[in-house]
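Input: a single structure, listed below in structure tokens.
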Amino acid sequence: MMAQTTAPAALTLVSHALCPYVQRVAIVLHEKGLAFDRRTIDLARKPDWFLAISPLGKTPVLQVRGQSLFESAVICEYLDEVAMPVLHPQDPLQRARHRAWMEFGSAALNTIGAFYAAPDEATLQARAQDLRSRFVQIEEALGQRSAPGPYFAGVHFGMVDAVFGPVFRYFDVIDTLPGMDDLALWQGLPLVQQWRAALAARPSVQQAVGADYVEGLRAFLRARGSALSRRMQAVAA
């Protein structure tokens, strides 16, 4: 797969401020040095123009020369085909493996959603164990790398890294909430913690969200009416 050197022009990323799938596309755009405008919408009040370009009613949507692409994985694949540097491995087997781990990243986001939406403490504890099981699987995959390095495949930042930057970003807030140490999400997972730190330090990952992201996420979690929300409210009271 050979990427073209001519970048697509007039890119607009239709976004929601907290959406992790938007973040992965923004990370890829930054990694490739592509200029883009960002148009943020409220998913609770989806405008008609957005529904007209997003058949699933979800963000992100990337508008390219008057045409709209939806679904983050599709958008990322398109960007990898048309702009350097290539973020997927050249070897077809390794490229397929990385695409599988991208799907794993999406499943991890679903697990995070179940965790912060858990209605009671017992369910919160169970979902925390689900999360830890995901992280253990990642630890095992990182331990099988053919070469050392800070990223999923070693030295080079790739598409799997773009997917997991937003996954780990949730925990920049969640880890600070009451009782998180008791859940031991990261205990005995040094490779995962090193990867997480490397992604957090990457400029493209940092630039994928706005300056108000942390406060926005805190407000979102407080408003969920979940066990996690009640922990946050108990501290604030």
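Hydrogens, waters and symmetry mates are skipped; everything else that's a heavy atom, side chains included, is used.
Residues D42 and A44 come closest through the heavy atom pair OD1-N, 2.9 Å. Contact detail for Q187 and A184: the closest heavy-atom pair is OE1-CB, 3.4 Å. When all heavy atoms of G57 and L51 are compared, the closest pair comes out as CA-CD2, 4.2 Å. Of all the heavy atoms in L199 and G165, the pair that sits closest is CD1-N, 3.7 Å. Of all the heavy atoms in V163 and V167, the pair that sits closest is O-CG2, 3.6 Å. The minimum heavy-atom distance linking L69 with I75 is given by the pair O-CD1, 3.5 Å.
Note that the CG atom of L109 and the SG atom of C19 stand 9.0 Å from one another [nearest 0.5 Å]. Taking OG1 of T59 as the start and OH of Y21 as the end, the distance is 10.5 Å to the nearest 0.5 Å. To the nearest 0.5 Å, atom CG of residue L79 and atom CG of residue L87 are 9.0 Å apart. From H16, atom NE2 reaches atom OG1 of T40 across 9.0 Å, with rounding to the nearest 0.5 Å. Note that the CG atom of L131 and the CH2 atom of W186 stand 8.0 Å from one another [nearest 0.5 Å]. Atom CD of residue E81 and atom SG of residue C76 lie 12.0 Å apart, to the nearest 0.5 angstrom.
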TODO: May I have the step-by-step check of side-chain contact (heavy atoms from CB on, under 4.5 Å) for V61 and F50, ending in yes or no?
DONE: CA-CA 9 Å; V61 174; F50 171 70; 4.0 Å; yes
Task: Trace of the ring pair (Phe, Tyr, Trp, His ring centres under 6.0 Å) decision for F135 with F171 - done: CA-CA 12 Å; F135 296 151; F171 296 94; 5.6 Å; yes
Task: Verdict with reasoning, R218 to T176, per side-chain contact (heavy atoms from CB on, under 4.5 Å) - done: CA-CA 10 Å; R218 287 183 181 276; T176 67; 3.1 Å; yes
- [ ] Any chance you could lay out the salt bridge (Lys or Arg N to Asp or Glu O under 4.0 Å) test for D175 and R196, step after step, and finish with the verdict?
- [x] CA-CA 13 Å; D175 282 353; R196 176 185 172 188; 2.8 Å; yes
TODO: Could you check I138 against W101 for side-chain contact (heavy atoms from CB on, under 4.5 Å), going step by step and ending with a plain yes or no?
DONE: CA-CA 9 Å; I138 297 169; W101 279 102; 4.3 Å; yes
Open item on the list: R39 vs T12, test: side chain to side chain donor-acceptor pair (under 3.5 Å). Steps then yes/no.
Closed with: CA-CA 7 Å; R39 188 173 186 182; T12 299; over 6 Å; no
Open item on the list: Quick one, L177 with L221, criterion side-chain contact (heavy atoms from CB on, under 4.5 Å). Give me CA distance, side-chain angles, the key distance, then yes/no.
Closed with: CA-CA 10 Å; L177 302 182; L221 294 175; 4.3 Å; yes
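Within the 4.5 Å cutoff, no side-chain heavy atoms of T111 are placed close to those of R127. Using a 4.5 Å heavy-atom cutoff, the side chains of W49 and V14 are in contact. When side chains are defined from C-beta on, M180 counts as touching L228, because their heavy atoms get closer than 4.5 Å. F104 is listed as a side-chain neighbour of F164, based on a closest heavy-atom distance under 4.5 Å. Residues P85 and K32 form a side-chain contact, since some pair of their non-hydrogen atoms from C-beta on lies under 4.5 Å apart. In this structure, the side chains of I27 and F157 come closer than 4.5 Å at one or more pairs of heavy atoms. No side-chain heavy atom of D161 sits less than 4.5 Å from a side-chain heavy atom of R202. R24 has its side chain within reach of S106: a pair of non-hydrogen atoms, C-beta onward, lies under 4.5 Å apart.
Residues passing the salt bridge (Lys or Arg N to Asp or Glu O under 4.0 Å) test with D120, sequence neighbours excluded: none.
Using a cutoff of 4.0 Å between basic side-chain nitrogens and carboxylate oxygens, R132 and E139 are not scored as salt-bridged. Electrostatic pairing of R169 and D172 does not count as a salt bridge here, judged by no charged N lying under 4.0 Å from a carboxylate O. Ion pairing of E121 with R230 is absent here, as no side-chain N (NZ or NE/NH1/NH2) approaches a carboxylate O to less than 4.0 Å.
In this structure, a donor-acceptor pair under 3.5 Å is absent between the side chains of R224 and S229.
Only one option out of R95, H98, E77 pairs with H88 in a side chain to side chain donor-acceptor pair (under 3.5 Å); it is E77.
By the rule that hydrophobic residues join a cluster once side-chain heavy atoms approach within less than 4.5 Å of another member, V22 and L43 end up as members of separate clusters. Under a hydrophobic clustering in which Ile, Leu, Val, Met, Phe, Trp and Tyr are joined whenever their side-chain heavy atoms come within less than 4.5 Å, directly or via other members, V136 and L191 fall into the same cluster. V74 is not connected to L34 by any chain of hydrophobic side-chain contacts under 4.5 Å among Ile, Leu, Val, Met, Phe, Trp and Tyr, and they are in different clusters. Both L29 and L18 belong to a common hydrophobic cluster when Ile, Leu, Val, Met, Phe, Trp and Tyr are linked at side-chain heavy-atom distances under 4.5 angstrom. Linking ILVMFWY residues whenever their side-chain heavy atoms come closer than 4.5 Å, directly or via other members, leaves F70 and L62 in distinct clusters.
In Q67, the CD atom is not crowded: 12 or fewer heavy atoms of neighbouring residues, nucleotides or ligands sit closer than 6.0 Å.
In this structure, the side chain of Q206 engages the main chain of A200 through a donor-acceptor pair within 3.5 Å. Looking at Q233, its side chain does come within 3.5 Å of a backbone N or O of R222 through a donor-acceptor pair.
When ring centroids are compared, F36 and H30 come within the 6.0 Å threshold. For F168 and W195, the distance between ring centers is under 6.0 angstrom.
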